[in-house]
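Below is one structure, written out as structure tokens; the observations come after it.
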Amino acid sequence: TESLTVAELAKKLHKEPSEIVKKLFMVGVMATVNQELDKDSIELICDDYGVAVEEEILIDSTDLETYFDEESDADKLVERPSVVTIMGHVDHGKTTLLDSIRKTKVTEGEAGGITQHIGAYQIENDDKKITFLDTPGHAAFTTMRARGAKVTDITILVVAADDGVMPQTVEAINHAKAAEVPIIIAVNKMDKPSANPDRVMQELTEHGLVPEAWGGDTIFVPVSALTGEGIDSLLEMIGLVSEVEELKADPSRRAMGTVIEAELDKGRGSVATLLVQDGTLRVGDPIVVGTTFGRVRAMVNDVGRRVKEAGPSTPVEITGLNDVPLAGDRFVVFEDEKTARSIGESRAQQALQAQRGEKTRVSLENLFEQM
Ligand code: GTP
Ligand code: MG
């Protein structure tokens with residue numbers, strides 16, 4: 001499309017429609033909220049604001065890590081759980097697989113049931129914990145990667161044995177390759193009479209994923225998310241790959257990590273799901289998250305229980321931030337609230353300036369591409 005209504009433009013620029021109407025009025029254009037604007041008017045308004053629709057990627061999200069530069073003592077490093085993301089084509093069984101893994105592992109000993117509160121959860125297999133990220137669909141994965149956040153250690157690529165490699169399968173392969181994350185193939189729906197795992201192997205070989213059985217180094221695990229067949233082998237393979245990765249962290253440090261998702265809750269205010277990637281996060285910690293800050297008021301774990309602390313690779317939901325951060329934002333805990341506040345406020349200020357500044361300007365073409 002080559003035009004936008006006032007309301008649509010306002011939304012893209014994160015402004016009130018009335019403000020746009022006023023600006024237009026000032027330059028002699030009478031417009032209503034639902035009126036279509038021509039290219040010139042849009043350009044005028046954009047120029048006037050110098051504002052981008054992409055302002056959320058303007059603040060280098062890795063910036064915050066510079067506040068986390070103290071080196072860990074090698075002798076303080078301990079093994080941490082691997083963080084696993086499940087990707088694959090629509091309907092190939094990602095959610096069912098996650099449910100199946102969860103059911104076989106999480107319910108044991110969890111008297112309170114498994115009401116899932118947050119988009120990430122942890123299981124235990126062979127005395128080793130594994131963290132699964134439930135949320136990152138491809139889009140979330142891309143956003144996080146674009147923002148410099150690396151949260152995933154291993155990607156499980158789910159391919160339905162009765163359907164084979166599809167467009168989103170290829171997309172997922174490309175994401176995982178670009179992020180340099182090891183891929184384990186779960187050939188799903190093996191219970192179906194029409195399952196054809198050889199075809200999946202053949203097709204994936206064409207994308208450089210050659211099964212071990214054929215002399216390559218890609219792990220293929222035939223599974224059925226429906227019957228639970230192969231789930232144990234899959235978990236075992238995740239364990240093996242994690243071991244090779246030698247994933248370590250130092251629980252004695254102040255915490256740092258990444259926002260998985262966040263929203264504004266009517267009752268609780270800003271609620272953010274964080275993945276602790278290093279150190280230990282505690283209730284009461286002064287924290288800067290992206291361009292927001294606060295003090296960790298309450299923490300809830302993946303089974304909805306209140307917890308006081310969360311170590312490396314643990315997902316937790318926290319409250320206590322002064323604003324809602326974005327998925328992919330980094331967080332760092334500070335020693336005192338004063339420092340957290342001043343750094344948080346200055347980052348918010350920077351974000352605002354960047355929004356108004358030259359950096360944020362996008363061409364009109366880009367603006368249309370966003371639609
Ligand atoms: P999207 O979230 O839409 O991308 O789909 P998904 O990949 O999460 O697939 P989902 O788990 O929703 O499964 C899609 C359909 O496949 C559902 O009807 C499942 O019951 C079915 N399904 C998933 N795994 C299996 C399996 O192992 N065997 C069989 N027979 N059906 C399965
Ligand atoms: Mg799903």
Side-chain angles (χ1 to χ4, degrees), residues 83-107 114-123 125 130-145 151-152 154-179 181-204 207 209 211 218-238 260-263 273 275 302-303 315 317 327-328:
V83 179
V84 178
T85 306
I86 303 205
M87 297 209 278
H89 194 71
V90 175
D91 276 354
H92 279 198
K94 301 177 291 292
T95 305
T96 313
L97 185 66
L98 274 163
D99 286 349
S100 177
I101 292 170
R102 199 149 205 266
K103 237 177 268 155
T104 52
K105 293 292 165 188
V106 177
T107 40
I114 56 156
T115 326
Q116 195 179 330
H117 287 253
I118 60 183
Y121 65 86
Q122 213 171 50
I123 62 141
N125 188 55
I130 305 171
T131 300
F132 286 93
L133 293 188
D134 211 353
T135 33
H138 300 174
F141 199 87
T142 311
T143 314
M144 287 203 190
R145 197 156 52 75
V151 291
T152 310
I154 298 169
T155 291
I156 305 288
L157 180 64
V158 179
V159 188
D162 62 339
D163 204 23
V165 170
M166 300 301 274
Q168 277 175 276
T169 314
V170 178
E171 215 175 90
I173 294 170
N174 293 335
H175 284 319
K177 278 186 180 166
V181 175
I183 305 174
I184 295 174
I185 313 296
V187 184
N188 192 31
K189 307 201 185 184
M190 287 298 288
D191 60 286
K192 284 197 160 185
S194 53
N196 186 352
D198 278 350
R199 180 179 141 211
V200 174
M201 281 157 70
Q202 182 61 53
E203 288 171 348
L204 284 174
H207 292 276
L209 297 169
T218 304
I219 299 170
F220 281 65
V221 187
V223 300
S224 166
L226 211 61
T227 68
E229 173 203 337
I231 300 289
D232 279 334
S233 317
L234 181 63
L235 293 174
E236 197 182 315
M237 289 307 156
I238 294 172
I260 303 302
E261 58 192 9
E263 57 170 18
T273 300
L275 177 72
D302 57 338
V303 289
E317 193 185 80

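For clarity, every value in this text was computed on a predicted model and none was experimentally measured. All residue numbers refer to positions in the sequence shown, counting from 1. Any value given below was found using the heavy atoms of this structure, including those in side chains, with hydrogens, waters and symmetry copies removed. Start at 1 and go down the list; that is how both ligands and their atoms are numbered.
The presence of a protein heavy atom under 4.0 Å from atom 7 (O) of ligand 1 is confirmed. For atom 23 (C) of ligand 1, the protein comes within 4.0 Å by at least one heavy atom.
In this structure, Glu203 contributes its side chain and Val165 its backbone to a donor-acceptor pair below 3.5 Å. No donor-acceptor pair under 3.5 Å is formed between the side chain of Arg102 and the backbone N or O of Ile123.
Between Leu157 and Leu204, the closest heavy-atom pair is CD2-CD2, 4.3 Å. Shortest non-hydrogen contact noted between Gly88 and Lys94 is O-NZ, 3.2 Å. The nearest pair of heavy atoms linking Ala176 to Thr155 is CB-OG1, 3.9 Å.
The single protein non-hydrogen atom nearest to atom 17 (C) of ligand 1 is Thr96 OG1, 4.6 Å, given as residue, atom name and distance. Closest protein heavy atom to atom 2 (O) of ligand 1: Thr95 OG1, 3.9 Å. For atom 25 (C) of ligand 1, the closest heavy atom belonging to the protein is Lys189 CG, 3.6 Å. From the protein, the heavy atom lying nearest to atom 14 (C) of ligand 1 is Asp91 O, 3.5 Å. When hydrogens are left out, the protein atom nearest atom 4 (O) of ligand 1 is Lys94 NZ, 2.7 Å; that is the closest non-hydrogen contact. Scanning the protein heavy atoms around atom 20 (O) of ligand 1, the nearest turns out to be Leu226 CD1, 4.1 Å. What sits closest to atom 27 (O) of ligand 1 on the protein, heavy atoms only, is Ala225 N, 2.9 Å.
Of all the heavy atoms of Asp191, the ones lying under 4.0 Å from any atom of ligand 1 belong exclusively to the side chain. Within the 4.0 Å heavy-atom criterion, the part of His89 lying near ligand 1 is the backbone and not the side chain.
Using a 4.5 Å cut-off on side-chain heavy atoms (C-beta onward), Thr96 and Asn188 make no contact. Side-chain contact between Thr85 and Val151 is absent, with no heavy-atom pair separated by less than 4.5 Å. Contact of the Val159 side chain with the Val187 side chain is not registered, since no non-hydrogen atoms from C-beta on lie closer than 4.5 Å. In this structure, Ile238 and Ile156 have side chains that are in contact, with non-hydrogen atoms separated by less than 4.5 Å. Side-chain contact check for His92 versus Met166: some heavy-atom pair is nearer than 4.5 Å.
Every atom of ligand 1 with a heavy atom of His92 under 4.0 Å away is listed here by number and element: 7 (O), 9 (O).
Among the backbone and side-chain atoms of Thr95, an N, O or S atom lies under 2.8 Å from the Mg ion (ligand 2).
Not a single N or O atom of Leu97, backbone or side chain, sits closer than 3.5 Å to an N or O atom of ligand 1. Annotation: Val223 places no N or O atom under 3.5 Å from an N or O atom of ligand 1; distance criterion only. Taking any N or O of Lys192, backbone or side chain, none lies under 3.5 Å from an N or O belonging to ligand 1. Considering backbone and side-chain N/O of Gly93, one or more are found under 3.5 Å from N/O of ligand 1.
Only one option out of Ile154, Leu97, Thr95 pairs with Ile86 in a side-chain contact (heavy atoms from CB on, under 4.5 Å); it is Leu97.
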